[in-house]
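Only one structure is covered here, and it is reproduced in the block below.
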Amino acid sequence: MSTVGDEARPALSPGAAALRNHERDYDALAERLARRGQRAETVVDAVGRFAVAVPSWALGTGGTRFGRFPGPGEPRTLAEKLADVAVVHRLTGAAPRVSLHIPWDEPDDVPALRAHAAELGLGFDAVNSNTFQDQPGQPLSYKLGSFSHPDAAVRRQAVEHHRHVIAVGQALGADAITVWLADGSNYPGQMSLRQSFERVLDCLRDVYAGLPAGWRLFTEHKPYEPAFYATVVQDWGSSLLLAQTLGERAQCLVDLGHHLPNTNIELVVARLLGAAKLGGFHFNDSKYGDDDLTAGSIKPYGLFLIFHELVLAERERLAGFRPAYMIDQSHNIKDPIEDLLQTVDQLQLAYAKAQLVDHAALAAYQESGDVLLAERTLKDAFETDARPLVAEARRRAGAALDPVLAFRASGYRARVAAQRSGGGYVPPQSL
Ligand code: LRH
Ligand code: MN
């Protein structure tokens, strides 16, 4: 990439100026990495292969029990949600799939939805069941649980729901189901701690037995909420027990927000990787509880350390390593599309930095017991400004150098705000 003196040239358009700055930043970083014996191209290619799924439930404004502050142009239909996901994919080049939540986003015409998604260049990732709410007309309530419910009829109802979710997913071309159960208790004595787990395992066995060929079942643990004393699948150990008992197509899903403060999540990831039971992620960030904040916004070093474990597994071609990368966030105060653009960027960045670890040096320092230089080897990668590598990967994918600024410049939100309040539908091609 050649650059010449600026003074002779007329002022560049903002786009051209941004590209020129990017090229200079990229060149400078590539030169610096080369001095460290690293190839910028290798990282750009790796980032180019990274992809994450967008949750169908995060395109509208999220809220808390205290309130929700909806923004302009909220998607009203699944088709409009897909249009918004297509915008995230177009600007990042890394969000080609949607993870649906059933029945929140139950398609009324599956073939039409699948065709519409394909037109938009989108596919479907793991589908999510929901036995944490009662639906209108539902015969039996999940108030006291679903798979762990004392009443066998409620458990059967919940198993039937999972079979339905799998059928919808199969028709959409998905190949996995995520099972997060709110099952638990609020008071000591309310629920048998062992029998509730046995009942969950029994029901999961029924669901697992009906898994289509090539499908996986992800168990998602969570320490509390909505149960505030004991949650049946409370931690990674409980999730791993289930996955190991069910069979090789059952794996554990790690939602970053589902860990008590100060939990070493990268250690949990390393344990599940070692057991060939890491099925996937729900990426987000949190300060206190399941806050569902933007990934990388609170603990960016923690996110990097998780990706470090993933890159090690990738490099070692670890058995069973095929993680489903998905986002699970609640966009309470940021524009949902902008939040997702920022999230994908943060995930691409953490992945790029993890690729920059000098793995040979790290292994040598670990083996020789050089604690400080081992730690510094990780920090050198984390403290490298890898943004030009991520921007270059996006540029090569025909996406935006800076997705958030490109989205703002597109005026998409204003357009959909006008259309959706007026009842029209805005095709994403109009970005
Ligand atoms: C539970 C959870 C689960 C989803 C829900 C939307 O907290 O993380 O993954 O079903 O959020
Ligand atoms: Mn989740």
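Each ligand, and each atom within it, is numbered from 1 in the order the structure gives. The figures that follow rest on heavy atoms only: side chains count, while hydrogens, waters and symmetry mates do not.
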Do you see a donor-acceptor pair shorter than 3.5 Å between the side chains of Asp45 and Thr42? no
Within Asp290, is some N, O or S atom less than 2.8 Å away from the Mn ion (ligand 2)? no
For His282, the ligand 1 atoms with a heavy-atom partner under 4.0 Å come out as 9 (O)
Any idea which N/O/S atom from Asp255 gets closest to the Mn ion (ligand 2)? OD2
Does the ring center of Phe307 lie less than 6.0 Å from the ring center of Phe283? yes
Test applied, side chain to side chain donor-acceptor pair (under 3.5 Å); reference residue, His221; option that passes from His258, His259, Gln234: His259
May I ask you to identify the nearest protein heavy atom to atom 6 (C) of ligand 1, giving residue, atom name and distance to one decimal place in Å? Trp57 NE1, 3.6 Å
Within the 4.0 Å heavy-atom shell around Asp255, which atoms of ligand 1 are there? 8 (O)
Please check: side-chain N/O of His331 versus main-chain N/O of Ala58, any donor-acceptor pairing under 3.5 Å? yes
Without hydrogens or angle criteria, can the side chains of Trp215 and Gln170 be said to hold a donor-acceptor pair below 3.5 Å? no
So which of Asp328, Leu256, Leu253, Asn130 gets nearest to atom 2 (C) of ligand 1, if we judge by its closest heavy atom? Asp328
Please tell me whether Ser99 and Asn128 have a donor and an acceptor in their side chains that are separated by less than 3.5 angstrom. yes
Quick one: which ligand 1 atoms are inside 4.0 Å of a heavy atom on His258? 1 (C), 2 (C), 7 (O), 8 (O)
From the options Asn130, Leu78, Val168, select the one residue that forms a side chain to side chain contact (heavy atoms under 4.5 Å, CB included) with Glu106. Val168
So which of the N, O or S atoms of Glu220 lies nearest the Mn ion (ligand 2)? OE2
Per-atom filter on ligand 1: closer than 4.0 angstrom to a heavy atom of Glu220 are 2 (C), 3 (C), 8 (O), 9 (O)
Here the atoms of ligand 1 under 4.0 Å from any heavy atom belonging to Asp290 are 7 (O)
Report yes or no: does Asp183 contribute a side-chain atom to a donor-acceptor pair with the main-chain N or O of Ser146 at less than 3.5 Å? yes
Do Arg271 and Leu267 touch side chain to side chain, with heavy atoms closer than 4.5 Å? yes
Counting backbone and side-chain atoms alike, is an N, O or S atom of His258 positioned under 2.8 Å from the Mn ion (ligand 2)? no
In this structure, atom 10 (O) of ligand 1 is nearest to the protein heavy atom His101 NE2, 2.7 Å
To the nearest 10 degrees, could you say what angle the Mn ion (ligand 2) makes with OD2 of Asp328 and ND1 of His282? 100°
